[in-house]
S.K.: 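Sharing a structure here in C-alpha cells format.
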There are 2 protein chains.
Amino acid sequence: MSGNESRFEQNSEGAGYLPGLAMDFVIFGFDQDQLKILLLEYRNTNLFALPGGFVKENENLNDAARRVLGERTGLADIYLDQFYTFGDLSRYDQEPLRTIMQAKGMDPKDDHWLLRRFVSVGYYALIDFRRAAPTPDPLSDNCVWYTLENLPALMLDHNDIVKKALETLRANLDRKLGGNESWAAPLLAKAFTMGELQKLYETILGQKLRRSGFQRKMLGLDILERLEKQYSGGAHKAPYLYQFIIDK
Amino acid sequence: MSGNESRFEQNSEGAGYLPGLAMDFVIFGFDQDQLKILLLEYRNTNLFALPGGFVKENENLNDAARRVLGERTGLADIYLDQFYTFGDLSRYDQEPLRTIMQAKGMDPKDDHWLLRRFVSVGYYALIDFRRAAPTPDPLSDNCVWYTLENLPALMLDHNDIVKKALETLRANLDRKLGGNESWAAPLLAKAFTMGELQKLYETILGQKLRRSGFQRKMLGLDILERLEKQYSGGAHKAPYLYQFIIDK
DNA sequence: GCAAAAGTGTTCGTGGTACACCCATGC
DNA sequence: GCATGGGTGTACCACGAACACTTTTGC
C-alpha cells in the first residue's frame, strides 16, 4: 500500500481525490468450488462493506479501479468490469461511516469529506483465490472472504450492488470468455481440462451443467486449443488439456 | 426549463450541483425511418456536443437524468438507460469549453467549475421524434437532430460515447422490448401493426429483417396482443393491430 | 474385471433462415 | 384481374437438451 493513500482518512479535505466520487468493488474469488466475495469488516461496529476507493485527480477512472483492486488483493492483471453507477440519495447516510470512524477513535465533523454524499461506480472483478492477499484499507480491520449464501447485511446499498454485479457477471459469461481479455484465463492454469473449466462455470452460475453439452459448446466457440493428455494418476481416462487461443 | 438551472454557467462555483460529476445523453429519435440523435451546436466555434447535465445535491442520479432529458426534449416518460461511466483523463480538456464560453462573451478563469475535470455518466434515451421539442441549454445555441451517418466530430470523447450507446442499445433490443418498461411502447401508437414494429427494429439495427421470421419471433415472445384489423385504404390485405400486453 | 471420468454419438425439440404460397384489399 | 402488402406453411439447418455408448485409466 502506498504511503500516499494509506492515511486518507486523516485528510479532512480529501485533497488529491475527485470529490464525491467513489468506486465499489465486488471481488469474486473461487475456493473449493464456492463463489466468494471480499468484504471489509469493522471491529466493534457489526458493520460490513464492499471494498471501495477513490479516484486521484490525475488518474483515469478505470486505472484507479485497478490500483485500488491491487491494494486490496495484492494482484495486478485482474479481470475487471465496470457495470453500473450508483447515485441514489439513499446512499447518503452518514451514520454507518461515522460509527466506523468513531470506533477508530476519530471524531469527524458533519462536513468531513468522507461523510459527504458519494456517487459510486460499481466494478466487479474475478480473481484467483489462492494468489490473493486480502488487505484491509485504513478504516477497516479485516478483509475476508464470504460465500454468497452467507453474506451478512452490508452497509448502505452494498447488498444491491452485489446483486447487480452477480447478474451482470452471469449474463456476460459466454460473451467475454475468449479473446485477449478472457475472464477465465487468470483463474485457471495455462493449460486446463474441460472439467476444470466446467467447474468454474458451475460455480459462477450456481448450477450444474451437462457435461456433454458443455464440452461441445466450448469446442464450438473456437477459442480453445487442444493439447496433450493429462495423466493425473486417477483411475479413469486421461482428459485432454486445453488452452485459450491467443489471436493477435 | 426551471429558472433554477437556466443560468448555471454564471455560477462560478457550481453551487447546488455535485462537483466533478456530469451526465451525457445519447438521445435517439426516429424520423422517416432514420435513426437520429440530438446534438448541441455552439455558434462561431464549429463545436458540437452531446446534451449533458449535472446532478443536484438533493437529487438521485437517475432522477437528474430524467430531469435534464425533460429540459432538452420537453418530454417526460422517456425510455432511459444508464450504460457506462466515462472517466478518462483525456476527457479533461479545457479548450473546447473555454472556446464555447468565450464565444458567449464569458472569460472564465482556469479554475471555473465548468473547466474542471468531470467524470460523466452515460445514458441513452429513445424518444418520439414528433413529440420532442429540442431545446438548447444555456451555453449552446441550438439543439438539433443529426443522422448517425452524418455525425460531425464531437467534443472530447463524445463520439466514443455515441458508439458505445449504440452498441448497448442494439444488444438490449430484444431483452427490453416487453414488460412495463418497453422501449418500443413510447415510440409507437397504442396499437400498431407488425410492419411498424419491424420498421422500428430495422431503423435501430440499421439492417433489413425478414418479414416472416420477424412476425413469428415477436408473436412467440408472448408480449403482443392481437386486436382488430386496420383498414388503411391501401390496396392490400389489412394488417392486424397489436398492443403490448401489460402484466401487473 | 471394475469403477470412475472423459470423449463422442444419437435423438429430439426448438428456433432461426429462406422461400413459397395464399389471402385480402382497392384500383 | 392485378398489384400490393399481410399472414402463414414448409423445408432446412444450427444448436442445446437428454441420454446412451464407448474409451481410457488405475486399482
Side-chain angles (χ1 to χ4, degrees), chain A residues 32-33 170-178 184 188-245, chain B residues 32-33 170-178 184 188-245:
Chain A
Q32 297 159 248
D33 302 337
R170 287 175 174 171
N172 288 344
L173 272 198
D174 287 348
R175 209 161 49 78
K176 304 199 173 183
L177 176 63
L188 295 163
K190 250 178 221 158
F192 48 88
T193 67
M194 197 58 80
E196 289 165 347
L197 182 57
Q198 185 176 342
K199 270 278 195 271
L200 209 51
Y201 257 82
E202 291 176 340
T203 305
I204 295 174
L205 294 177
Q207 61 180 21
K208 292 283 172 198
L209 299 175
R210 265 155 281 278
R211 192 172 51 89
S212 61
F214 184 81
Q215 174 133 204
R216 257 190 295 260
K217 180 174 165 181
M218 288 301 130
L219 294 180
L221 293 177
D222 285 330
I223 58 173
L224 292 179
E225 187 177 354
R226 179 175 281 184
L227 308 172
E228 74 282 9
K229 292 184 179 181
Q230 179 192 55
Y231 292 85
S232 57
H236 54 77
K237 192 172 178 178
Y240 288 104
L241 290 173
Y242 296 88
Q243 66 183 16
F244 289 108
I245 296 170
Chain B
Q32 296 160 244
D33 303 336
R170 287 177 173 170
N172 288 344
L173 272 197
D174 287 349
R175 208 161 51 78
K176 304 200 172 181
L177 176 63
L188 295 164
K190 249 178 221 160
F192 48 87
T193 67
M194 197 59 80
E196 289 165 348
L197 181 57
Q198 185 177 342
K199 269 282 195 270
L200 208 51
Y201 257 82
E202 292 177 338
T203 305
I204 296 175
L205 294 177
Q207 61 179 21
K208 292 283 172 198
L209 299 175
R210 266 156 281 276
R211 191 171 54 89
S212 62
F214 185 80
Q215 175 133 205
R216 257 190 293 262
K217 180 175 165 180
M218 287 303 130
L219 294 180
L221 293 176
D222 285 330
I223 58 173
L224 292 179
E225 186 177 354
R226 178 174 282 183
L227 307 173
E228 74 281 9
K229 292 186 180 180
Q230 180 193 53
Y231 291 86
S232 58
H236 53 78
K237 193 171 177 178
Y240 288 105
L241 289 173
Y242 296 89
Q243 66 183 17
F244 288 107
I245 296 170

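Chain letters run A, B, ... following the sequence lines, proteins first and then strands; every chain starts at 1. Atom set for the values below is all heavy atoms of this structure, side chains included, hydrogens, waters and symmetry mates excluded.
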S.K.: Which listed nucleotide (D/dA17, C/dA18, D/dC19) is nearest to the side chain of A/Arg210?
M.R.: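 From the listed options, D/dA17 comes nearest.
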S.K.: Kindly give the atom pairs (protein nitrogen or oxygen, nucleotide nitrogen or oxygen) under 3.5 Å for nucleotides 10-15 of chain C.
M.R.:
{"residue": "C/dT10", "atom": "O4", "partner": "A/Arg216", "partner atom": "NH2", "Å": "3.3"}

S.K.: Choosing from C/dG7, D/dA18, D/dG7, which nucleotide comes nearest the side chain of A/Ser212?
M.R.: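 Among C/dG7, D/dA18, D/dG7, the one nearest the side chain of A/Ser212 is D/dA18.
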S.K.: Between A/Ile245 and A/Asp222, what is the shortest heavy-atom contact and its length?
M.R.: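 Closest pair (atom of A/Ile245, atom of A/Asp222, distance): CD1-O, 3.8 Å.
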S.K.: Write down the distance between CZ (A/Phe214) and P (D/dG16), rounded to a whole number of angstrom.
M.R.: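 Roughly 12 Å, once rounded to whole Å.
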S.K.: Short question: side chain of A/Glu196, backbone of A/Thr193 - any donor-acceptor pair under 3.5 Å?
M.R.: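 Side chain of A/Glu196 to backbone of A/Thr193: a pair is present.
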S.K.: Is the side chain of B/Glu202 donor-acceptor paired with the backbone N or O of B/Leu209 at a distance under 3.5 Å, no angle test?
M.R.: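 At least one qualifying donor-acceptor pair exists.
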S.K.: Please determine whether the number of non-hydrogen atoms from other residues, nucleotides or ligands lying under 6.0 Å from atom NZ of B/Lys199 exceeds 12.
M.R.: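 At most 12 heavy atoms, drawn from other residues, nucleotides or ligands, come within 6.0 Å of this atom.
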S.K.: Can you name the nearest heavy-atom pair linking A/Asp174 to A/Lys217, along with the distance?
M.R.: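 Closest heavy-atom pair between A/Asp174 and A/Lys217: OD2-NZ, 2.8 Å.
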S.K.: Would you please name every residue forming a side chain to side chain donor-acceptor pair (under 3.5 Å) with A/Arg210, sequence neighbours left out?
M.R.: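 So A/Arg210 forms no side chain to side chain donor-acceptor pair (under 3.5 Å) with any residue.
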S.K.: Expressed in angstrom and rounded to an integer, what is the separation of A/Leu221 atom CG from D/dA14 atom P?
M.R.: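 Going from CG in A/Leu221 over to P in D/dA14 covers 16 Å.
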S.K.: Taking CD from A/Glu228 and C1' from D/dT24, how many angstroms apart are they, rounded to a whole number?
M.R.: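 Rounding to the nearest Å, CD of A/Glu228 and C1' of D/dT24 are 16 Å apart.
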S.K.: Strictly under 3.5 Å: I want the nitrogen or oxygen pairs between protein and nucleotides 22-25 of chain C, one per line.
M.R.:
{"residue": "C/dA24", "atom": "N3", "partner": "B/Lys237", "partner atom": "N", "Å": "2.9"}
{"residue": "C/dT25", "atom": "OP1", "partner": "B/Tyr231", "partner atom": "OH", "Å": "2.5"}
{"residue": "C/dT25", "atom": "O4'", "partner": "B/His236", "partner atom": "O", "Å": "3.0"}
{"residue": "C/dT25", "atom": "O2", "partner": "B/Ala235", "partner atom": "O", "Å": "3.0"}
{"residue": "C/dT25", "atom": "O2", "partner": "B/His236", "partner atom": "N", "Å": "3.0"}

S.K.: Check the distance between D/dC15's C1' and A/Met218's CE and give it to me in whole angstrom.
M.R.: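 Result: 13 Å.
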S.K.: For B/Leu209 and C/dT17, give me the distance from atom CG to atom P, rounded to whole Å.
M.R.: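 Computing the B/Leu209:CG to C/dT17:P distance gives 8 Å.
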S.K.: Is there a donor on the side chain of A/Arg211 or the base of C/dA5 sitting less than 3.5 Å from an acceptor on the other?
M.R.: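 In this structure, the two groups form no donor-acceptor pair.
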S.K.: Taking all heavy atoms of A/Met194 and all of A/Leu219, pick out the closest pair and write down the distance.
M.R.: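 Scanning both residues, the minimum pair turns out to be CE-CD2, 3.8 Å.
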S.K.: Considering all heavy atoms of both residues, which atom of B/Tyr201 and which atom of B/Leu177 are nearest to each other, and what is their separation?
M.R.: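 Smallest interatomic distance, heavy atoms only, reads OH-CD2, 3.5 Å.
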